[in-house]
Amino acid sequence: MSIETPAPAPSDFIRDFVKADLASGKYKAPHTRFPPEPNGYLHIGHAKSICLNFGIAREFGGICNLRFDDTNPTKEEVEYVESIIADVNWLIAGWADDRLGYKAKGAAPEKRAGDFYLPAVPITNCEPFYASDYFDALYEYAVQLIKKGRAYVCDHTPEEVDRMRGAPDRAGEPSKYRDRPIAESLDLFARMKAGEFPDGTRTVRAKIDMASSNIWLRDPLIYRIRHAEHHHTGNKWCIYPLYDFAHCLSDYIEGITHSICTLEFEVHRPLYDWILEKLDLPRPLPHQYEFAKLIPTYTIVSKRKLITLVNEKLVTGWDDPRLPTISGIRRRGVPASALRQFAYNIGVTKYNSVTDIAVFEHCIRDDLNKHALRRLAVLRPLKVVITNLPETHAEQLDAINNPEDETAGKRKLPFSRELYIEQDDFAEVPPPKFFRLKPGGEVRLKYAYIIKCDEVIKDATGKVIELRCTADLTSKTGGATAGRKIKGTIHWVSAKDSIEAECRLYDRLFTAAEPDADGDFKKHLNPHSLEVVTAKCEPSLADAKAELRYQFERLGYFCLDSDRKLTTENRKLIFNRTITLKDTWAKEAKKG
RNA sequence: UGCCUCGUGGUGUAAUGGUAGCACAACUGACUCUGGAUCAGUUUGUCUAGGUUCGAGUCCUAGCGAGGCAGCCA
């Protein structure tokens with residue numbers, strides 16, 4: 001009896017810190033967070049972060065909050081909030097959904113004993129976290145910072161602030177307003193909040209060190225004026241905190257222990273720590289850790305470039321199955337488990353690297369191979385007539401639903417005199433090592449007979465339009481000559497029993513491994529990233545289910561597309577090809 | 001050229017002073033009623049130079065290289 005070895009627990013430098021903090025008793029359990037800004041759709045890079053944060057929560061008995069980092073009203077939209085919620089829920093469903101943090105709908109931090117708290121609630125009537133729910137608390141914290149003499153209102157224009165910041169190798173110049181009286185700053189800040197000043201006229205700045213070698217410590221801005229409606233707080237505010245101020249305090253308010261972000265925030269960590277320390281908040285404080293973001297080959301992941309593709313209609317939308325967005329990946333038919341496996345396989349480090357998309361493709365195939373139901377479908381049909389069978393011939397053959405999973409059972413497959421086979425499975429002039437059908441040659445029809453090609457029929461242009469073959473009638477599974485060794489086995493469908501389906505054949509969106517390496521990613525768009533064909537399918541596919549995955553044998557993995565619901569009136573089937581099967585013949589054929 | 005971070009096969013990652021391992025990719029072969037899957041195997045690596053040590057991918061020094069940082073973006 002074999003004992004399945006459990007998958008090794010993920011290990012990386014961040015999990016090492018978590019382990020150490022748990023062992024030392026610093027925290028009882030980790031509390032992480034995934035903090036997207038709702039200004040775009042989530043993509044495969046975010047999936048890495050989601051799996052890291054939720055993965056840590058589930059491995060160490062903790063919780064992970066979904067928190068919208070929504071401090072910039074001019075860039076954020078409800079559409080993005082909703083898509084992000086859907087994407088996160090899809091990715092963690094059945095895996096870490098029991099680790100998802102939640103708060104009461106509409107709840108904001110309460111003030112108790114001079115500090116802010118946000119109590120946990122049962123999982124009913126709950127919602128994700130929003131940094132914008134903390135604006136009252138954040139305002140109060142800024143006031144405290146001013147009162148402590150560690151922040152001030154600055155009247156310099158954006159241009160002046162920019163110029164006075166200095167450069168990496170040149171110290172900055174202090175603001176004229178740096179040492180203005182605390183009472184004056186307090187008054188001005190209150191009036192900023194009251195809406196007395198136009199955008200850009202004043203800011204609140206932390207008073208740190210204009211000569212610091214770290215730019216982010218040169219009196220960074222923590223509040224700015226923005227007379228703009230916010231998707232979550234409406235018109236309540238006309239001042240908004242900046243990322244550095246809002247993020248560390250949002251972490252603190254939610255009781256986050258390990259605040260995990262990408263490498264570019266490394267230089268912000270001193271500021272993160274400074275704010276929490278100068279506010280004299282009770283320990284233990286959250287700590288920030290940084291890891292290298294995912295850069296996959298043959299695609300682009302930058303928000304700006306994704307928006308370009310969507311807006312310029314180079315793809316059909318954010319959920320175009322060719323896009324590396326989570327919604328695109330989902331629509332393409334990739335199981336969440338495959339995406340999670342990928343996130344696990346690539347690891348977590350501080351080293352900037354490029355990940356071969358083949359690793360993802362392998363995870364998809366590996367997952368789908370185990371779970372997809374096998375079906376026969378012909379993408380590019382070529383008619384075949386079995387001449388030694390009567391026109392009335394009809395039989396039902398046994399077909400296996402999934403050779404990798406006995407419990408998937410069997411089904412019946414209709415067979416008749418007229419069939420369709422794949423055009424690629426016949427060659428009038430076969431290349432070397434071609435072991436499919438050729439004139440005078442034999443091939444096995446999966447689950448059916450060995451047939452021999454007797455005659456090739458062409459149209460006026462010389463195109464092959466029909467093959468006339470004879471079947472070895474005893475070669476069927478279980479028959480007298482069933483054991484005959486034939487090198488090739490091909491898929492087919494019975495012409496009169498087949499149904500049609502639109503198949504969308506997707507390929508990589510770009511032809512270059514690093515599409516933006518030369519700064520012109522649009523130049524490398526793959527013109528063949530989508531091909532639409534009308535396939536002939538075995539009749540059982542008429543009952544295809546949206547939640548199931550199918551392998552069209554020898555072709556690839558397919559799933560129903562969500563567009564199908566738009567066309568239910570004519571019951572048109574639309575399948576997306578998630579990914580092809582590995583094709584070693586294509587490689588062989590290339591060698592010529 | 002200021003500060004921060006990082007350099008392990010083609011790619012990604014492990015080895016926490018003690019046999020450089022795993023995965024993907026590539027290539028062989030076996031098997032196969034999916035040219036899939038599976039199985040067996042092969043190729044390729046510690047940035048450089050010193051030092052410490054019985055022993056260094058790991059620790060130290062110097063160099064080289066890569067990435068990040070100068071939004072009222074996050």
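Chain letters run A, B, ... following the sequence lines, proteins first, then strands; residues in each count from 1.
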K.L.:
State which of C72(B), A25(B), C33(B) makes the closest approach to the side chain of Ala358(A).
P.N.:
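Out of C72(B), A25(B), C33(B), the nucleotide with an atom closest to Ala358(A)'s side chain is A25(B).
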K.L.:
N/O contacts under 3.5 Å, protein versus nucleotides 38-48 of chain B?
P.N.:
none

K.L.:
Is the NZ or CZ atom of Arg202(A) positioned over Phe197(A)'s six-membered ring, under 6.0 angstrom from the centre and within 45° of the axis?
P.N.:
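So Arg202(A) does make the cation-pi contact.
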K.L.:
Do any side-chain nitrogens or oxygens of Lys303(A) fall under 4.0 Å of OP1 or OP2 in A74(B)?
P.N.:
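So the side chain of Lys303(A) is outside the cut-off, no N or O lying under 4.0 Å from OP1 or OP2 of A74(B).
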K.L.:
At under 4.0 Å between heavy atoms, what does Thr580(A) touch on the DNA or RNA strands: base, sugar-phosphate, or nothing?
P.N.:
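No contact at all - Thr580(A) keeps every heavy atom at 4.0 Å or more from the nucleic acid.
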K.L.:
Report the nucleotide, chosen from C73(B), U34(B), C24(B), that has the shortest atom-to-atom distance to any side-chain atom of Pro403(A).
P.N.:
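It is U34(B).
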K.L.:
If pairing requires Watson-Crick or G-U wobble contacts with both distances under 3.5 Å, which nucleotide is the partner of U1(B)?
P.N.:
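Answer to the pairing question: none, since U1(B) forms no Watson-Crick or G-U pair.
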K.L.:
So Tyr223(A), base contact, sugar-phosphate only, or nothing? Heavy-atom distance under 4.0 Å.
P.N.:
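Contact class for Tyr223(A): none.
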K.L.:
Between Ile14(A) (CD1) and U13(B) (C1'), how many Å, whole number?
P.N.:
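Interatomic distance, CD1 of Ile14(A) to C1' of U13(B): 15 Å.
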K.L.:
Using OP1 and OP2 only, check whether a side-chain N or O of Lys487(A) sits under 4.0 Å from U32(B).
P.N.:
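No.
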K.L.:
In the strands shown, is U46(B) matched to any nucleotide by a Watson-Crick or G-U wobble pair with both distances under 3.5 Å, and which?
P.N.:
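No nucleotide pairs with U46(B).
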K.L.:
So, is Thr297(A) close to the U11(B) phosphate, meaning a side-chain N or O under 4.0 Å from OP1 or OP2?
P.N.:
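Answer is no, no contact under 4.0 Å.
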K.L.:
Would you indicate which nucleotide in G35(B), U11(B), C69(B) comes nearest to any side-chain atom of Thr584(A)?
P.N.:
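Nearest to the side chain of Thr584(A) among the choices is G35(B).
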K.L.:
Indicate yes or no: does Glu422(A) engage Arg554(A) in a salt bridge with an N to O separation below 4.0 Å.
P.N.:
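Not counted as a salt bridge, because no side-chain N and carboxylate O are separated by less than 4.0 Å.
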K.L.:
In whole Å, what is the span from the CG atom of Asp16(A) to the P atom of U16(B)?
P.N.:
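Interatomic distance, CG of Asp16(A) to P of U16(B): 11 Å.
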K.L.:
What is the distance, to the nearest angstrom, from the CD1 atom on Ile450(A) to the C1' atom on C33(B)?
P.N.:
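Nearest whole value for this atom pair: 9 Å.
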K.L.:
Which glycosidic conformation, syn or anti, is assigned to G71(B) if syn requires a torsion within 90° of zero?
P.N.:
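Here the answer is syn: the torsion falls within 90° of 0.
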K.L.:
Would you indicate what Lys370(A) reaches in the nucleic acid, counting non-hydrogen atoms under 4.0 angstrom: base, sugar-phosphate, or nothing?
P.N.:
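The residue Lys370(A) makes no contact with any strand.
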K.L.:
Would you say U34(B) has OP1 or OP2 under 4.0 Å from some side-chain N or O of Arg436(A)?
P.N.:
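Indeed not, no polar side-chain atom of Arg436(A) lies that close.
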K.L.:
So, Arg165(A) and Glu173(A), do they make that salt bridge, N to O below 4.0 Å?
P.N.:
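Looking at Arg165(A) and Glu173(A), the cut-off is not met.
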K.L.:
Answer with base, sugar-phosphate or nothing: what part of the nucleic acid does Phe291(A) contact at a heavy-atom distance below 4.0 Å?
P.N.:
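Answer is nothing: Phe291(A) stays at 4.0 Å or more from every strand.
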K.L.:
Counting side-chain heavy atoms from C-beta on, which of C24(B), U34(B), G35(B) comes nearest to Leu581(A)?
P.N.:
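My answer, after comparing the listed nucleotides, is U34(B).
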K.L.:
Taking only Lys NZ, Arg NE, NH1 and NH2, and the carboxylate oxygens of Asp or Glu, determine whether Arg178(A) and Asp219(A) approach each other closer than 4.0 Å.
P.N.:
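Counted as a salt bridge, because a side-chain N and a carboxylate O are separated by less than 4.0 Å.
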K.L.:
Walk me through it: do Phe575(A) and Phe552(A) pass the test ring-ring contact (aromatic ring centres under 6.0 Å, His included)?
P.N.:
CA-CA 11 Å; Phe575(A) 285 102; Phe552(A) 292 177; 5.3 Å; yes
K.L.:
Please determine whether a side-chain nitrogen or oxygen atom of Arg365(A) lies at a distance below 4.0 Å from atom OP1 or OP2 of G36(B).
P.N.:
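Checking Arg365(A) against G36(B): no side-chain N or O falls below 4.0 Å of OP1 or OP2.
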K.L.:
Would Arg380(A) and Asp424(A) count as a salt bridge (Lys or Arg N to Asp or Glu O under 4.0 Å) here? Give the steps.
P.N.:
CA-CA 8 Å; Arg380(A) 296 172 185 85; Asp424(A) 282 352; 5.1 Å; no
K.L.:
Would you indicate which nucleotide in U34(B), C72(B), G35(B) comes nearest to any side-chain atom of Asp162(A)?
P.N.:
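The listed nucleotide nearest to Asp162(A)'s side chain is C72(B).
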K.L.:
Considering every strand and a 4.0 Å limit on heavy-atom distances, what is the contact class for Ser353(A): base, sugar-phosphate, or nothing?
P.N.:
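Contact class for Ser353(A): sugar-phosphate only.
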K.L.:
Please check the phosphate of U32(B) (OP1 and OP2 only) for any side-chain N or O of Arg444(A) closer than 4.0 Å.
P.N.:
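For U32(B), OP1/OP2 do not have a side-chain N/O of Arg444(A) under 4.0 Å.
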K.L.:
Ring centres under 6.0 Å, that's the criterion: do Tyr550(A) and Phe558(A) meet it?
P.N.:
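Centroid separation for Tyr550(A) and Phe558(A): 6.0 Å or greater.
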K.L.:
Please tell me if the side chains of Asp367(A) and Val334(A) come closer than 4.5 Å, counting only heavy atoms from C-beta onward.
P.N.:
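No - every pair of side-chain heavy atoms lies 4.5 Å or more apart.
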K.L.:
Describe, in one word, how the ring planes of Phe415(A) and Trp492(A) are oriented to each other, choosing from parallel (under 30°), tilted (30 to 60°) and perpendicular (over 60°).
P.N.:
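Answer is perpendicular, since the angle exceeds 60°.
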K.L.:
Under 4.0 Å, counting only non-hydrogen atoms across every strand here, what does His247(A) touch: a base, just sugar-phosphate, or nothing?
P.N.:
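The residue His247(A) makes no contact with any strand.
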K.L.:
Any chance the rings of Tyr41(A) and His46(A) have centres within less than 6.0 Å?
P.N.:
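Aromatic pair excluded; centres sit 6.0 Å or further apart.
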K.L.:
Kindly say whether, by distance alone, the side chain of Thr203(A) makes a donor-acceptor pair under 3.5 Å with the base of C72(B)?
P.N.:
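No, no donor-acceptor pair under 3.5 Å.
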K.L.:
In the structure shown, which nucleotide is the Watson-Crick or G-U wobble counterpart of C39(B), with both distances under 3.5 Å?
P.N.:
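The answer is G29(B), by the H-bond criterion.
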K.L.:
Any strand is fair game: report the nucleotide pairing with G17(B) by Watson-Crick or G-U wobble, both distances under 3.5 Å, or none.
P.N.:
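Base partner found: none.
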K.L.:
To the nearest 0.5 Å, what is the distance between CD (Glu588(A)) and NZ (Lys433(A))?
P.N.:
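These two atoms lie 4.0 Å from each other.
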K.L.:
Mind checking who G55(B) pairs with, Watson-Crick or G-U wobble, both distances under 3.5 Å?
P.N.:
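Partner of G55(B): none.
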K.L.:
Would you indicate what Lys293(A) reaches in the nucleic acid, counting non-hydrogen atoms under 4.0 angstrom: base, sugar-phosphate, or nothing?
P.N.:
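Answer is nothing: Lys293(A) stays at 4.0 Å or more from every strand.
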K.L.:
May I ask you to evaluate whether Arg374(A) reaches the phosphate of A37(B), defined as a side-chain N or O under 4.0 Å from OP1 or OP2?
P.N.:
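For Arg374(A), the contact criterion (side-chain N or O under 4.0 Å from OP1 or OP2 of A37(B)) is not met.
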K.L.:
Look at Arg165(A) and C72(B) and indicate whether a side-chain polar atom (N or O) is within less than 4.0 Å of OP1 or OP2.
P.N.:
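Checking Arg165(A) against C72(B): at least one side-chain N or O falls below 4.0 Å of OP1 or OP2.
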K.L.:
For a quick test of reading the model: is some side-chain N or O of Thr349(A) closer than 4.0 Å to OP1 or OP2 of U13(B)?
P.N.:
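So the side chain of Thr349(A) is within the cut-off, an N or O lying under 4.0 Å from OP1 or OP2 of U13(B).
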K.L.:
Over how many whole Å does the gap from Ile364(A) atom CD1 to G36(B) atom P extend?
P.N.:
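Atom CD1 in Ile364(A) sits about 19 Å away from atom P in G36(B).
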K.L.:
Just to be sure I understand the rule, does Glu361(A) reach a base, reach only the sugar-phosphate, or reach nothing, if contact means heavy atoms closer than 4.0 Å?
P.N.:
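Contact class for Glu361(A): none.
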K.L.:
Whom does U11(B) pair with, Watson-Crick or G-U wobble, provided both distances fall under 3.5 Å?
P.N.:
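Pairing partner, where one exists within any strand: A23(B).
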K.L.:
Any carboxylate oxygen within less than 4.0 angstrom of a Lys/Arg side-chain nitrogen, looking at Arg269(A) and Glu290(A)?
P.N.:
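Here Arg269(A) pairs with Glu290(A) in a salt bridge, since their nearest N and O are under 4.0 Å apart.
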K.L.:
Within the 4.0 Å heavy-atom criterion, would you say Phe435(A) contacts the bases, only the backbone, or no part of the nucleic acid?
P.N.:
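Result for Phe435(A) = base.
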K.L.:
Counting heavy atoms from C-beta on, name the nucleotide in A74(B), C24(B), G35(B) closest to the side chain of Asn72(A).
P.N.:
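Given the options A74(B), C24(B), G35(B), the side chain of Asn72(A) is closest to A74(B).
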K.L.:
Indicate for each nucleotide in nucleotides 2-7 of chain B, in 5' to 3' sequence, whether protein heavy atoms under 4.0 Å reach the base (B), only the sugar-phosphate (S), or nothing (-).
P.N.:
BSSSSS
K.L.:
Taking OP1 and OP2 of C73(B), is either one under 4.0 Å from a side-chain nitrogen or oxygen of Arg224(A)?
P.N.:
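For Arg224(A), the contact criterion (side-chain N or O under 4.0 Å from OP1 or OP2 of C73(B)) is met.
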K.L.:
Say you draw a straight line from CG of Leu413(A) to CD of Glu538(A); how long is it, rounded to the nearest 0.5 Å?
P.N.:
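Rounded to the nearest 0.5 Å, the CG-CD separation comes out at 5.0 Å.
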K.L.:
Quick one: is His491(A) getting a side-chain N or O under 4.0 Å of the U34(B) phosphate, OP1 or OP2?
P.N.:
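It does not, given that no N or O in the side chain of His491(A) lies less than 4.0 Å from OP1 or OP2 of U34(B).
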K.L.:
Just checking Leu242(A): base, sugar-phosphate only, or nothing, at a heavy-atom cut-off of under 4.0 Å?
P.N.:
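It contacts sugar-phosphate atoms only.
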